[in-house]
Amino acid sequence: MAQPWFESLRPVCKEACVATASQYSPDVVLFYLARWCQKKARQTEPELKAFEPKALRDAAERIVRNLAEDAVRVTRLAAGDPAEMTTLKRLLVASARPRAGEAAPDYADDALSRIMIVLLTGTPPARAARELDPGPHGPRNEYVFHAPFEFWARRVVINLVIDEARRAAREREGPPPPPARQDSPPLDRQLLLAAHDALPGLVRAIRRLPPRQRSAMVASLARPEVDELVRERFHELAPDLFPVPSDEAPSSDAEIAELLASTPRCVTANRSLARRKLAEQDDRWELLLDHLLPHASTRPLRAREAIDA
Amino acid sequence: MPDLPRTPACDEVEMDLSDAARIQREGGNVADHYPDLARHLEECEWCRAQLAELVKEPDLLAEAETEDVPSDRAEKELAAALFVREPAVQIPAAGRLASARRVAPATLAALAETAAGDRDEDVRKAARTALDELLTRLAPGVAELGKAGVTGTLSADEGELRVTLEGLPRSFEGSTPVVVLPGGEPGLVTPESAVSEGRLDVRLGRLLDPSAGPELSPELEGLFVVKPEAEPES
């Protein structure tokens, strides 16, 4: 019977365990090394000849070292330990603070969510050896002890903050909105129907958002700039979430912040995080939100701004 | 920071960034361990910015006050995981929820919605299995429309859709349960009054077409009712 593709990695795992007198069996290291190879190659059964032997040895040694340092913490998080999650959240807030300022807790909370989803659905060390039998598999972003856990976790939140900083910089530096946009051609019928069909699902997904993201997204979609028919439809679908459409509804992030007892920076952060989350769930929602909440560089001027410009 | 888009090259090396930060913080040379990453960093400001932030030591002393994460956070994240577009995440999430001793009505609603509407058949199956296990384990705190004598009658009153449930178990008497409409709006409903003589009246929202009569849609057919503190059978 043919050996599983990852069996040829076993000697290097054994060596790494023996070198450090690791408390973990080579099977555990083998699982994570196999997963690392899968993630690197983006294949379920990667061609191991494509990996330099030194790279595989280094990876195995790193996994053994990081298991020794981080396995206990990761196991507690994978079990849903609230105290361990609080400690992690504190680290994430501290990591986000330099660039995100007062919005740091919002980024940290979103990052915690992403990290926990990966850990709760991945394979903790206690199960790793068993999971070799059916063949190593797991979430695309699984933590496989290839880096110290703290660095891996912090990268999640830093990624979010830097992405937002780049987007905001793009908005500040973007060209002024072309006046012709207000007379832009109507959407074609098929697109309109697809958008109409996608709205109920979008509303349900908005309901599932964390509270601060949900509030920012709902307030943004209730702005007078959003097409009145769409706002009416949102209200019909979810009158408890979306208010009766009104031209007096808050429009700017400053006004929305006042309504939500927050700050403009937090409103922007939460809307951006919500938008990203929704876009990841359904491509139609991304298109819909791009149309309903265009980015500043392409947003049509409000009547007042148009007069003042 | 000038805008430079994230490129496929960023994706190629991103796995190495975390450990590269450790190496740099320990005074090592990234190029010795990750030559591809080192070359990429020369060209990519996005990845350089990430690395620079990662290398910094976070100031934990300044974050003495962090709100405690509530005990049900893990369950909420597992419910959220059901909607991530990746079966390798969704299926284990359903599996873990299936073995939970007790779950919130919102989690049952999430499983029901996934079971009915996910585009992947294996994910739908996993969610359905988890939901069935939970509904069985949580009985008698759960009542499903159309089962065990529970019936529902739709009506429309001034453009508002209502459902009247009858035949609810005795254990629901006097309680204000949560009504779950899998895949429908508003999803979860808390009725205005309590169950009385096995009967519960529920407002579901405005009829989208007031001229049409109330119709039993798939979402309504899958309706179930959960006592908020439903205890599992021992």
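Each chain gets a letter, A, B and so on, in the order its sequence line appears, and its residues count up from 1.
Taking each heavy atom of Gly80(A) and Ala74(B) in turn, the nearest pair found is CA-CB, 3.8 Å. The two atoms that bring Ala49(B) and Arg99(A) nearest to each other are CB-NH2, 4.0 Å, heavy atoms only. Across Glu53(B) and Pro98(A), no two heavy atoms sit closer than the pair OE1-CB, 4.4 Å. In terms of heavy-atom proximity, Glu86(B) sits nearest to Gly138(A) at OE2-O, 4.4 Å.
When heavy atoms are compared at a cutoff of 4.5 Å, Arg208(A) approaches chain B solely by way of its side chain, counted from C-beta outward. Neither the backbone nor the side chain of Ala104(A) comes within contact range of chain B, judged by heavy atoms closer than 4.5 Å. Both the backbone and the side chain of Lys40(A) come within less than 4.5 Å of a heavy atom in chain B. Heavy atoms of His146(A) lying under 4.5 Å from chain B belong to its backbone as well as its side chain. Using a 4.5 Å cut-off between heavy atoms, Asp68(B) contacts chain A through both its backbone and its side chain. The contact between Pro70(B) and chain A is made entirely by backbone atoms, counting heavy-atom distances below 4.5 Å.
Contacts between residues 13-28 of chain B and chain A, counted as heavy-atom pairs separated by less than 4.5 Å, involve Glu14(B), Met15(B), Asp16(B), Leu17(B), Ser18(B), Asp19(B), Ala21(B), Arg22(B), Arg25(B). Heavy-atom neighbours of chain B within the stretch residues 109-124 of chain A, taken at a separation under 4.5 angstrom, comprise Asp109(A), Leu112(A), Ser113(A), Met116(A), Ile117(A), Leu120(A), Thr121(A).
Side-chain contact between Val84(B) and Glu280(A): absent, with no pair of heavy atoms (C-beta onward) separated by less than 4.5 Å. Taking 4.5 Å as the limit, every side-chain heavy atom of Arg73(B) sits out of range of all side-chain heavy atoms of Pro82(A). The closest side-chain heavy-atom distance from Arg85(B) to Asp283(A) is below 4.5 Å.
If you tally non-hydrogen atom pairs under 4.5 Å between each of Asn66(A), Asp58(A), Leu91(A), Val144(A) and chain B, the highest count goes to Leu91(A). Of the listed residues Ala147(A), Ala94(A), Gly201(A), the one with more heavy-atom pairs under 4.5 angstrom with chain B than any other is Ala94(A). For the options Glu77(B), Gln90(B), Arg119(B), heavy-atom pairs under 4.5 Å to chain A are most numerous at Glu77(B). Counting heavy-atom pairs under 4.5 Å between each of Pro105(A), Ala78(A), Pro210(A) and chain B puts Ala78(A) at the top. Most heavy-atom pairs under 4.5 Å with chain B: of the set Arg62(A), Lys54(A), Arg97(A), this distinction falls to Arg62(A).
With rounding to the nearest 0.5 angstrom, the CG atom of Asp59(B) is 10.5 Å from the OG atom of Ser95(A). Here the CG-CD distance, from Asn159(A) to Gln50(B), works out to 4.5 Å after rounding to the nearest 0.5 Å. Going from atom CZ of Phe83(B) over to atom CZ of Arg204(A) covers 8.5 Å, rounded to the nearest 0.5 Å. Annotation: the span from Glu12(B) atom CD to Arg42(A) atom CZ amounts to 5.5 Å, rounded to 0.5 Å. The structure places CD1 of Ile158(A) at 4.0 Å from CG of Leu54(B), a figure rounded to the nearest 0.5 Å.
The environment of Lys125(B) atom NZ is sparse: at most 12 non-hydrogen atoms of other residues, nucleotides or ligands sit within 6.0 angstrom. The neighbour count for Glu67(B) CD, taken as heavy atoms of other residues, nucleotides or ligands under 6.0 Å away, does not exceed 12. Counting non-hydrogen atoms of other residues, nucleotides and ligands closer than 6.0 Å to NZ of Lys39(A) gives a total above 12.
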